Amino acid sequence: MAAKRRFQTVKGMHDLGGWMSLAFAFVEGKAREVFSLYGYDEVRTPIVEETELFVRGVGEGSEIVGKQMYTFDDKKGRSLTLRPEGTAPIARAYLQNDWPSSGPQPVKVFYMGPYFRYERPQEGRYRQFHQIGAELIGDPGPYSDVELLVMLLRFLEELGFEDLEVGLNSVGDPECRRRYSQRLREFLEPYRDELGADSRRRLETNPLRILDTKAPRERELLEGAPRLRDELGDPARDHFQVVCDELDRFGVDFEIDDGLVRGLDYYTRTVFEITSTALGAQNAILGGGRYDGLIAELGGPSVPGIGFAIGQDRLVDLVLKIPGARKRLNAEDHRRRPVCVIPIGGSYRRHGLVLAQELRAAGIPAICEFDSLRPLKARLKQAARYDCRWVVLFGEDEEKSGEVVLRDFSDRTQETIPRDGFAAAVAAKIRPDEQP
RNA sequence: GUGGGUGUAGCUCAACCGGUAGAGCGCUUGAUUGUGGUUCAAGUGGUUGGGGGUUCAAGUCCCCUCACCCACCCCA
């Protein structure tokens, strides 16, 4: 009775294959390489956490906690949530595993993996998306901010990006924010009627978030608004000054963006974002900042931290748009299969298996086309589809003469070589060609 | 959550004002027996996303539903 049904991925979640998976692996490899250079270690935290972790960590008032979490009860009635972001789990791990006393200070870690947010999908925004992030926990000073940013930019450079827009701001300490929120509220109150419904609500709950509105009328109004930066207390102001000065000294091209306030409640002081105009509406490829109060909020000691999260899906989109990207990815593709072994005749299939094994033992990626009942023609076509450059043929004739046929697809030539030690001979032919 | 757009063969798309579905690519086989990427020939392909309605007749009109895409929102 069951009607034929075509299963497909859940809304907003996708299979990643072909160029996508290549680019994903490429980006991940570069992240490991570069972040390791800066002394960061990789960690992997569970994909599911206690719901309360995110409520406390990300903030009850945030959009994420408010309406975007995949939350469910397990069989014992515990409320669990698919992680919507990476920093709170890292903070949890920091406390749970007592990283402060089990390793060097400050703690430097990076991570990558899938994250989940229940939103309406669109370009660059998916329900399962992927982030690559790093966190530096335990140093309050501005030099850590600078180093983290320099590392980040180094990573992006290695990927082949030249001119990305780096936005920087300081959202100050909690006291500065409270003070400023009050001032902003007073400033906007007279224009209440000109604000959109969202902004009006934020006037009560979180006036800061009004700053990054896209509504033209609201942007106009904000032109004359007091600036958060002018409201910073001395410590926050000095901190930000050092960050800016040092970034200048490193030749980092950034822009101070007064409207840059991040959507997660835990941010303090330095916040940043890197955007690209090549991305469409979802133009932020990464964001981050300092979160000096987060660890304490989760019940730990008062320990400062700073980190960032890169939208891997968006990053990969951009990587694939870089001229020559595909060629570069192919060059780093470990999955290439240069040789295809084709045994001719049903009784030679087991020889195919053995020949292919010998090639692999010699370090040559090889596949075997076992379907010996099809015409040789069709099987050669398969070899071509696998992108193989070489084909090894072995059948009755070869067995008699103790040879194998090695065919080169690139120039349609072929030769016979002795069966014994053929893998070494093939390797010798291929290797020079393999070197870039 | 709110808008707008789109669903026809594995893929990209076509079908005038309703008349009962077509092309390219792909795939399979062949052009003498064991040789690919070109060419030629034949073949394979679809309950037009699903359900209901109007009509003599629906891919085409109406309603519902589902899915995908884009934007708002939000963020990575």
Side-chain angles (χ1 to χ4, degrees), chain A residues 3-14 58 62-69 83-87 112-133 196-199 201-202 206 209 212-215 260-264 267 271-276 279-289 307-318 340 342-345 348 369 371-398 405-414:
Chain A
K4 255 187 219 166
R5 173 152 116 75
R6 233 159 114 145
F7 287 102
Q8 59 177 39
T9 52
V10 169
K11 191 185 187 74
M13 307 195 183
H14 301 282
V58 179
S62 68
E63 295 282 329
I64 293 176
V65 172
K67 42 192 179 188
Q68 300 178 347
M69 296 204 302
R83 60 184 188 188
E85 62 97 47
T87 303
M112 52 189 77
Y115 293 82
F116 304 85
R117 264 127 87 162
Y118 192 89
E119 300 177 86
R120 207 63 178 267
Q122 72 184 67
E123 184 171 23
R125 189 174 73 187
Y126 314 109
R127 288 186 173 181
Q128 175 177 332
F129 58 103
H130 302 82
Q131 291 192 335
I132 298 176
D198 286 334
S199 292
R201 186 160 20 82
R202 291 202 181 108
N206 193 354
R209 298 304 316 283
D212 63 3
T213 180
K214 283 181 191 168
L260 179 50
V261 287
R262 314 226 14 105
L264 283 62
Y267 284 116
V271 293
F272 53 89
E273 197 169 87
I274 292 183
T275 56
S276 164
L279 271 179
Q282 307 301 317
N283 63 353
I285 67 178
L286 97 235
F308 60 80
I310 301 166
Q312 192 175 359
D313 311 82
R314 295 176 188 178
L315 187 68
V316 160
D317 279 348
L318 288 176
C340 179
I342 301 182
I344 300 165
Y348 288 92
E369 220 289 325
D371 193 356
S372 58
L373 297 180
R374 303 175 69 208
L376 180 58
K377 215 173 170 156
R379 304 173 70 200
L380 284 163
K381 199 169 174 182
Q382 285 303 315
R385 282 216 277 174
Y386 274 118
D387 258 344
C388 293
R389 175 171 167 193
W390 307 84
V391 169
V392 169
L393 295 169
F394 190 82
E396 203 180 338
D397 298 351
E398 288 70 27
V405 171
L406 178 65
R407 180 171 181 78
D408 183 349
F409 267 177
S410 66
D411 58 7
R412 303 179 75 93
T413 61
Q414 64 184 38

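Residue numbering restarts at 1 for every chain, and letters A, B, ... go by the order of the sequence lines. All of these numbers come straight from a predicted model, not from anything done at the bench.
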Exercise. Salt bridge (charged side-chain N to carboxylate O under 4.0 Å, His left out) with A:Asp387: which residues, sequence neighbours excluded?
Worked result: none
For this session: Please round to the nearest 0.5 Å and tell me the distance separating atom OG of A:Ser62 and atom CE of A:Met69.
Result: 7.5 Å
Problem set entry | Rounded distance [0.5 Å steps], CZ in A:Arg120 versus CD in A:Gln68 | 13.5 Å
Problem set entry | B:U38 to B:C27 separation - P atoms, rounded to the nearest Å | 9 Å
For this session: Using the six-membered ring wherever Trp is involved, compare the ring planes of A:Phe129 and A:Tyr115 and label them parallel, tilted or perpendicular (cut-offs 30° and 60°).
Result: tilted
Exercise. In Å and rounded to the nearest 0.5 Å, what is the OG to CG distance from A:Ser276 to A:Leu315?
Worked result: 10.0 Å
For this session: Give a yes/no verdict on a cation-pi contact between A:Arg127 and A:Tyr118, requiring under 6.0 Å between NZ or CZ and the six-membered ring centre and an angle within 45° of the axis.
Result: yes
Seminar exercise, completed: Taking B:U28, B:C73, B:C70 as options, the one with an atom nearest any side-chain atom of A:Glu123 is B:C70
Exercise. Is A:Lys11 touching bases, backbone alone, or none of the nucleic acid, heavy atoms closer than 4.0 Å?
Worked result: sugar-phosphate
Please write out each protein N/O paired with an N/O of nucleotides 41-43 of chain B under 3.5 Å, distance rounded to 0.1 Å.
none

For this session: Identify whether any heavy atom of A:Gln68 sits under 4.0 Å from a base atom; if not, whether one sits that close to sugar-phosphate; answer base, sugar-phosphate or nothing.
Result: sugar-phosphate
For this session: Taking all non-hydrogen atoms of both residues into account, name the closest pair between A:Asp313 and A:His130 and its distance.
Result: OD1-N, 2.6 Å
Problem set entry | A:Asp212 CG - B:C73 C1' separation (whole Å) | 11 Å
Exercise. Are A:Phe394 and A:Val405 close enough that some pair of their side-chain heavy atoms sits under 4.5 Å apart?
Worked result: no
For this session: Can you check whether any acceptor in the base of B:C73 is under 3.5 Å from a donor in the side chain of A:Gln122, or vice versa?
Result: yes
Problem set entry | Closest approach of A:Gln128 to A:Pro114 (non-hydrogen atoms, all atoms of both residues) | NE2-CB, 3.4 Å
For this session: Could you list all the side-chain hydrogen bond (donor to acceptor under 3.5 Å, both in side chains) pairs where at least one residue sits in residues 375-384 of chain A, not counting sequence neighbours?
Result: A:Glu369-A:Arg379
Problem set entry | Atom P, compared across B:G43 and B:G24: separation rounded to whole Å | 13 Å
Problem set entry | Distance, P atom - from B:U55 to B:U2, rounded to whole angstrom | 34 Å
Exercise. B:U29, B:C27, B:C72: which one has an atom nearest the side-chain heavy atoms of A:Pro375?
Worked result: B:U29
For this session: In whole angstrom, give me the gap between the P atoms of B:G49 and B:A67.
Result: 16 Å
Exercise. How long is the line joining CD of A:Gln282 and C1' of B:C70, in whole Å?
Worked result: 11 Å
Problem set entry | Separation of B:C73 P from A:Lys67 NZ (nearest whole Å) | 12 Å
For this session: With side-chain contact (heavy atoms from CB on, under 4.5 Å) as the test, would you mind laying out the steps for A:Arg117 and A:Ile64 before giving the verdict?
Result: CA-CA 7 Å; A:Arg117 264 127 87 162; A:Ile64 293 176; 3.6 Å; yes
Problem set entry | Closest listed nucleotide, where the reference is the side chain of A:Pro121 and the choices are B:C69, B:U28, B:C68 | B:C69
Exercise. Between atom OH of A:Tyr267 and atom CG of A:Leu260, what is the distance when rounded to the nearest 0.5 Å?
Worked result: 10.0 Å
Problem set entry | Span that lies between the C1' atom of B:G37 and that of B:U33, in whole angstrom | 23 Å
For this session: Indicate, with a heavy-atom threshold strictly under 4.0 Å, whether A:Ala309 touches base, sugar-phosphate, or nothing.
Result: sugar-phosphate
Listed pairs, N/O of protein and of nucleotides 1-6 of chain B, under 3.5 Å:
{"residue": "B:U2", "atom": "O4", "partner": "A:Arg120", "partner atom": "NH1", "Å": "2.7"}

Problem set entry | Secondary-structure string, 5' to 3', Watson-Crick or G-U under 3.5 Å, | for another-strand partners, for RNA chain B | (((((((..((((.....[..))))((((((.......))))))....(((((..]....))))))))))))....
For this session: Please tell me which of A:Gly288 and A:His14 maps to the more 5' nucleotide of RNA chain B, matching each residue to the nucleotide holding its nearest heavy atom.
Result: A:His14
Problem set entry | Atom-pair distance (CZ on A:Arg385; P on B:C25), nearest Å | 16 Å
For this session: For A:Gly124, answer base if it contacts any base atom (sugar-phosphate contacts may also be present), sugar-phosphate if it contacts only those atoms, and nothing otherwise; contact means non-hydrogen atoms under 4.0 Å.
Result: base
Exercise. Is a salt bridge present between A:Asp317 and A:Arg314, judged by a nitrogen-to-oxygen distance below 4.0 Å?
Worked result: no
Seminar exercise, completed: A correct 5'-to-3' footprint of nucleotides 31-38 of chain B, with B, S and - meaning base, sugar-phosphate only and no protein heavy atom under 4.0 Å, is B--BBBB-
For this session: Taking atom C1' in both B:U48 and B:A23, compute the distance separating them and give it to the nearest angstrom.
Result: 16 Å
For this session: Indicate, with a heavy-atom threshold strictly under 4.0 Å, whether A:Tyr126 touches base, sugar-phosphate, or nothing.
Result: base
Exercise. How far does the C1' atom of B:U47 sit from the matching atom of B:G7, given to the nearest Å?
Worked result: 16 Å
Seminar exercise, completed: Looking only at heavy atoms, the pair that brings A:Gly86 and A:Gln131 closest together is N-OE1, 4.1 Å
Problem set entry | Interatomic distance, A:Arg127 CZ vs B:C69 C1' [rounded to whole Å] | 14 Å
For this session: Could you work out the separation of B:U8 and B:G46 based on their P atoms and round it to a whole Å?
Result: 15 Å
Seminar exercise, completed: Distance col, row A:Leu393:CG vs A:Leu380:CG, nearest 0.5 angstrom, shows 6.5 Å
For this session: Measure the spacing between CD1 of A:Ile310 and CD1 of A:Ile274 and express it to the nearest 0.5 Å.
Result: 8.0 Å
For this session: Between A:Leu279 and A:Val10, name the one whose nearest nucleotide on RNA chain B is closer to the 5' end.
Result: A:Val10
